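The structure appears below as structure tokens.
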Protein chains: 2
Amino acid sequence: MPKISDERRLARRQQILDAAWRCFAREGLHVTTMDDIIRASGLSAGAVYGYFRNKDDLILAALTTSLAGLRERLVPLVTTRPLPAPAELVGAVLGEIAAFTEREGFDLKRIALLGWSESQRNETVRGTMAGFYRAFREQLAAATIVWKQEGKLPATLDEQAAAKALLALILGYVVEAAVLDDVTPEDIRRGVAQLGIGSA
Amino acid sequence: MPKISDERRLARRQQILDAAWRCFAREGLHVTTMDDIIRASGLSAGAVYGYFRNKDDLILAALTTSLAGLRERLVPLVTTRPLPAPAELVGAVLGEIAAFTEREGFDLKRIALLGWSESQRNETVRGTMAGFYRAFREQLAAATIVWKQEGKLPATLDEQAAAKALLALILGYVVEAAVLDDVTPEDIRRGVAQLGIGSA
DNA sequence: ATAAAAAGAACGATTATTCGTTTTTTATGG
DNA sequence: CCATAAAAAACGAATAATCGTTCTTTTTAT
């Protein structure tokens with residue numbers, strides 16, 4: 001059976017995904033044409049369609065692999081014990097996001113913005129993204145419970161509300177960094193610390 | 001001179017803009033076709049092109065009018081004196097955003113997500129959006145100076161960093177509300193207050 | 001009455017996807 | 001270890017559908 005090796009097949013797939021990321025980051029999900037991605041990948045139309053059923057499939061794969069890569073990096077940070085103080089955890093998470101999204105020639109943070117937009121019109125994308133962020137927010141809620149137990153936060157604290165605020169801070173950093181391009185993780189960490197988060 | 005009255009002309013323009021908002025919120029900037037907007041507006045192609053040079057012009061107008069409407073509502077909130085406490089100000093701003101973006105049949109918050117995405121590929125859009133958010137952030141920085149003077153925040157506080165964190169919180173709420181759809185302004189206000197922002 | 005505004009059919013350009021052909025990969029027998 | 005045949009993979013021109021925009025004609029407001 002003359003079939004391509006799994007290793008080779010996976011490499012080709014990643015090659016196409018890389019090309020898609022670059023194109024999407026430059027022109028967005030729907031202005032990018034299949035021909036853009038095909039040329040950027042160095043392959044042919046037939047080859048690309050051998051790995052992805054259609055453009056929607058490619059979009060979904062580009063978004064979910066980026067989300068999965070980020071999760072792999074973020075989960076250890078928020079589940080490690082002992083837990084750093086709130087401002088330090090936020091700073092660490094943002095630092096990891098900045099490091100993960102920095103790529104050769106483009107910024108993967110842009111893919112996040114595109115994913116949020118796409119989630120407003122594509123039910124499958126919305127489900128995937130909502131699931132990811134909800135799970136991450138649960139881990140933030142677990143962290144606030146730990147802080148509460150350690151006496152770093154008041155015992156009356158509503159951990160769901162606190163987790164929602166922490167997630168907003170993190171998502172907002174991504175927007176601010178992508179649109180204004182003058183914000184560092186350290187800026188936010190210092191801002192949060194000075195505003196007194198986790199100091200009560 | 002048989003020319004349409006200014007009043008009538010402005011009403012027609014708004015009619016097209018409303019249609020564009022609805023279409024954009026439903027399908028995004030680039031999946032929405034001119035024909036979608038034309039049909040939604042109840043006018044003809046020729047009429048729409050009489051009010052907007054082309055699709056890019058219509059996109060820019062849809063984004064900037066939405067931004068301008070929001071600024072009109074937000075500026076009084078952050079420039080009023082005496083200033084509410086940080087958590088209360090954040091809550092008030094988010095409440096105003098929620099009220100302003102709630103529309104018949106769609107959520108204007110979606111337009112913000114689309115604008116952020118578009119700013120990554122359109123220099124004109126990026127300039128407009130960056131200008132808006134930078135100006136708003138300056139007002140937040142001014143607010144932190146006031147809090148500092150009132151002794152509500154430490155005198156050593158870096159107001160730029162604090163303003164960046166506050167803006168992240170606000171932008172992040174928009175993302176979280178649009179994607180997860182389970183966050184209220186009150187959630188964030190409580191979360192921020194309980195995390196101790198502005199309590200040092 | 002007249003000039004602007006609205007209408008909507010028509011056009012040229014572009015798009016995602018397919019499919020017949022060519023090239024490449026790999027399991028197998030010498 | 002190497003040559004080879006079979007089958008998958010890659011190629012890329014062709015296709016059918018769709019899009020933004022224009023332009024001539026008709027309607028409408030003043």
Side-chain angles (χ1 to χ4, degrees), chain A residues 1-63 114 117-118 121-122 124-125, chain B residues 1-63 114 117-118 121-122 124-125:
Chain A
M1 313 166 212
K3 203 174 171 180
I4 213 172
S5 67
D6 281 5
E7 186 185 14
R8 223 182 156 81
R9 181 159 182 89
L10 224 59
R12 274 257 189 277
R13 206 184 141 87
Q14 192 57 50
Q15 176 182 354
I16 297 167
L17 241 23
D18 280 341
W21 274 346
R22 281 195 302 275
C23 294
F24 289 155
R26 196 174 300 128
E27 291 293 343
L29 260 23
H30 298 289
V31 176
T32 293
T33 68
M34 285 303 285
D35 197 54
D36 288 338
I37 298 170
I38 288 159
R39 274 188 290 106
S41 73
L43 296 175
S44 69
V48 170
Y49 276 89
Y51 288 86
F52 299 94
R53 250 195 318 281
N54 50 40
K55 191 179 175 182
D56 271 342
D57 191 33
L58 188 42
I59 287 175
L60 188 66
L63 294 178
L114 299 174
S117 288
E118 188 65 7
R121 60 172 293 272
N122 182 324
T124 308
V125 170
Chain B
M1 312 170 213
K3 202 175 170 179
I4 213 173
S5 67
D6 281 5
E7 186 185 16
R8 222 181 156 81
R9 181 159 182 89
L10 223 60
R12 274 257 188 276
R13 204 184 141 88
Q14 192 56 50
Q15 176 182 355
I16 296 166
L17 241 21
D18 279 342
W21 274 346
R22 282 196 303 276
C23 293
F24 289 154
R26 196 175 299 126
E27 290 293 343
L29 260 23
H30 298 288
V31 176
T32 293
T33 69
M34 285 302 286
D35 197 54
D36 288 338
I37 298 170
I38 288 159
R39 273 186 291 106
S41 73
L43 296 175
S44 68
V48 170
Y49 275 87
Y51 287 86
F52 299 94
R53 248 195 320 282
N54 50 38
K55 191 181 174 181
D56 271 342
D57 191 34
L58 188 42
I59 287 175
L60 188 66
L63 294 178
L114 298 174
S117 289
E118 188 66 7
R121 60 173 293 273
N122 182 322
T124 308
V125 170

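Quantities reported herein were computed from a predicted structural model and do not represent experimental measurements. Residue numbers begin at 1 in each chain, while the letters A, B, ... track the order of the sequences.
- Atom CD1 in A:I38 sits about 10 Å away from atom P in C:dT17, given to the nearest Å.
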Start with the C-alpha distance between B:L29 and B:K55, add both sets of side-chain angles, then the distance that settles side-chain contact (heavy atoms from CB on, under 4.5 Å), and finish with yes or no. CA-CA 9 Å; B:L29 260 23; B:K55 191 181 174 181; over 6 Å; no
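- Relative to the side chain of B:A47, the nucleotides D:dA13, C:dA6, D:dT21 differ in distance, and C:dA6 lies closest.
- Atom-to-atom, CZ of B:R8 to P of D:dT30 comes out at 6 Å; the value is rounded to the nearest Å.
- Listed nucleotides D:dT30, C:dT17, D:dG20 differ in distance to A:Y49; the shortest reach to its side chain belongs to C:dT17.
- Along DNA chain D, the nucleotide nearest B:G46 and the nucleotide nearest B:K55 are compared for position; the residue whose nucleotide lies closer to the 5' end is B:K55.
- At a threshold of 4.5 Å between non-hydrogen side-chain atoms, the residues A:E27 and A:T33 do not count as touching.
- Across C:dA6, D:dC11, D:dA13, the shortest atom-to-atom separation from the side chain of A:A45 is found for D:dA13.
- Annotation for A:Y51 and A:R13: closest pair O-NH1, 3.6 Å, computed over non-hydrogen atoms.
- Atom P of nucleotide D:dA9 and atom CG of A:L43 are separated by 14 Å, given to the nearest angstrom.
- Between the CD atom in A:Q14 and the CH2 atom in A:W21 there is a gap of 5.5 Å [rounded to 0.5 Å].
- As judged by a 4.0 angstrom heavy-atom cut-off over every strand, A:F52 is placed among residues making no nucleic acid contact.
- Counting only distance, with no hydrogens or angles, the side chain of A:Q15 and the backbone of A:S41 share a donor-acceptor pair below 3.5 Å.
- What separates CG of A:D56 from C1' of C:dT17 is a distance of 13 Å, to the nearest Å.
- Near DNA chain C, meaning a heavy atom under 4.0 Å from it, residues 10-37 of chain A has A:T32, A:T33, A:M34 in order of number.
- Where the helix from C:dA1-D:dT30 to C:dG30-D:dC1 starts and where it ends, the local axes point in directions that differ by 30°; five pairs per end, rounded to 10°.
- Looking at heavy atoms from C-beta onward, B:L17 lies in side-chain contact with B:L58 at the 4.5 angstrom threshold.
- Applying the 4.0 Å criterion to OP1 and OP2 of C:dA6, one finds that B:S44 has every side-chain N and O outside that range.
- Across all strands, B:G50 comes closer than 4.0 Å to no nucleic acid atom at all (heavy-atom distances).
- Residues A:D57 and A:N54 approach most closely at N-OD1, 2.9 Å, considering heavy atoms.
- Sorted by first and then second residue, the pairs that involve residues 28-47 of chain A and meet salt bridge (Lys or Arg N to Asp or Glu O under 4.0 Å), not counting sequence neighbours, are A:D35-A:R39, A:D36-A:R39.
- Rounded to whole angstrom, the span from the CD1 atom of B:I59 across to the P atom of D:dC19 amounts to 14 Å.
- Atom CZ of residue B:F24 and atom CD1 of residue B:I37 lie 4.0 Å apart, to the nearest 0.5 angstrom.
- Between B:D6 atom CG and C:dA5 atom P the separation is 11 Å, expressed in whole Å.
- Note: CZ (A:R9) to P (C:dT24) measures 19 Å, nearest angstrom.
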